[in-house]
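Following: one structure in structure tokens, then a few remarks.
Residue numbers begin at 1 in each chain, while the letters A, B, ... track the order of the sequences.
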Protein chains: 2
Amino acid sequence: MYICPMYSSELVKGTLRTIILKLLSENTKMYGYEITQKVKELTDDEIQLTEGALYPMLHKLEAEGAVETELVNIGKRVRKYYRLTNLGNEEAKEKVSEFLRFMDTMKNVLNHKNSFEPWLS
Amino acid sequence: MYICPMYSSELVKGTLRTIILKLLSENTKMYGYEITQKVKELTDDEIQLTEGALYPMLHKLEAEGAVETELVNIGKRVRKYYRLTNLGNEEAKEKVSEFLRFMDTMKNVLNHKNSFEPWLS
DNA sequence: GATGAATGCATAAGAATATTATGTATGGAT
DNA sequence: ATCCATACATAATATTCTTATGCATTCATC
């Protein structure tokens, strides 16, 4: 988990909660490690969640009532599954919608017409 | 400057540096207050930079050599203009390009095909 | 000519969130 | 036997932001 990420970390900041909620909204239940792997897969290794950020956020979501947990024994190991509550499902919709809107807004700043930007394809 | 922003603040986090560099890359020189107003204008009031975040970031960019400053007297007030150095101009391109790439990556996570999302248009 | 809003800078205390580092343990492959 | 992947967790630290505050000028308006 200590591999250099493709993006400077500051960009990924603030999106962790949204990412988790979104993934849980389409998978009924997931466990922490599974989430990290799914994000790696979906982003072609460009976003790699760190455990030190992921687990505290999952615990926080649980404390807030956005997710519920279920412990499952896998051999001698205990796997902790998370699933969205109704509250969490509502928040997932809001967060995703808000992020997409935010991206549109940012385009107005970064794609601004009054400049020549050869790096924008 | 203490007006409730449209976006939950965590999303805007991590984009301040990119926003400043981008605006300076198309305006030759700008001062702090002008940047806040330009962002408000470009985002239709949806992103409102706070002074407590803006000024420290400008000072940091200067300390890093990404921007240079020029003090200009306006009546009895002193206005502090910032302009990009060559280094800052390079970073501006990188940051904008990186952010656009990041948005594409996030779409793969948030727009993921395996779900029904009526709120996406 | 007083008063408030806008302009314009700055910093400090605290909160939030991430990185980095570490710890523990199981399971599979070489 | 050793290494890597799986799987959880927490603590110290760093970064970055919010909130609050301070100072001062300029302009409108009452």
Nucleotide nearest A53(B) when distance is taken to its side chain, options dC9(C), dA9(D), dC17(D):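 Nearest listed nucleotide: dC17(D).
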
Among dA9(D), dC9(C), dA10(C), the one nearest Y31(B) by side-chain distance: dC9(C)

Does the side chain of T50(B) get closer than 4.0 angstrom to OP1 or OP2 of dT18(D) through an N or O atom?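 Answer yes for this pair, as a side-chain N or O of T50(B) is under 4.0 Å from OP1 or OP2.
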
Counting only side-chain N and O atoms of K60(A), is one of them less than 4.0 Å from OP1 or OP2 of dT17(C)? yes

Under 4.0 Å, heavy atoms only, any strand: does G32(A) hit a base, just the sugar-phosphate, or nothing?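 Answer is sugar-phosphate: G32(A) comes under 4.0 Å of backbone atoms only.
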
The criterion is side-chain hydrogen bond (donor to acceptor under 3.5 Å, both in side chains); which residues satisfy it with Y81(B), sequence neighbours excluded?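 Partners of Y81(B) under the side-chain hydrogen bond (donor to acceptor under 3.5 Å, both in side chains) test: R79(B).
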
What residues form a side-chain hydrogen bond (donor to acceptor under 3.5 Å, both in side chains) with E64(B), not counting sequence neighbours? R17(B)

Every protein N/O lying under 3.5 Å from an N/O of nucleotides 24-30 of chain C:
from: dT26(C); atom 1: O2; to: R77(A); atom 2: NH1; distance (Å): 2.6
from: dG27(C); atom 1: OP1; to: K76(A); atom 2: N; distance (Å): 3.1

Output the rest of the hydrophobic cluster of L87(A): all Ile, Leu, Val, Met, Phe, Trp and Tyr residues reachable through side-chain heavy-atom contacts under 4.5 Å, sorted by chain and number. none

Under 4.5 Å side-chain linkage, directly or through intermediates, the cluster mates of V78(B):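 For the cluster that includes V78(B), the remaining residues are L71(B).
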
Indicate the atoms forming the closest heavy-atom contact of I47(B) with V39(B), along with that distance. O-CG1, 3.5 Å

Residues in salt bridge (charged side-chain N to carboxylate O under 4.0 Å, His left out) with K29(A), at least two apart?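 Checked K29(A) against salt bridge (charged side-chain N to carboxylate O under 4.0 Å, His left out); matches are E70(A).
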
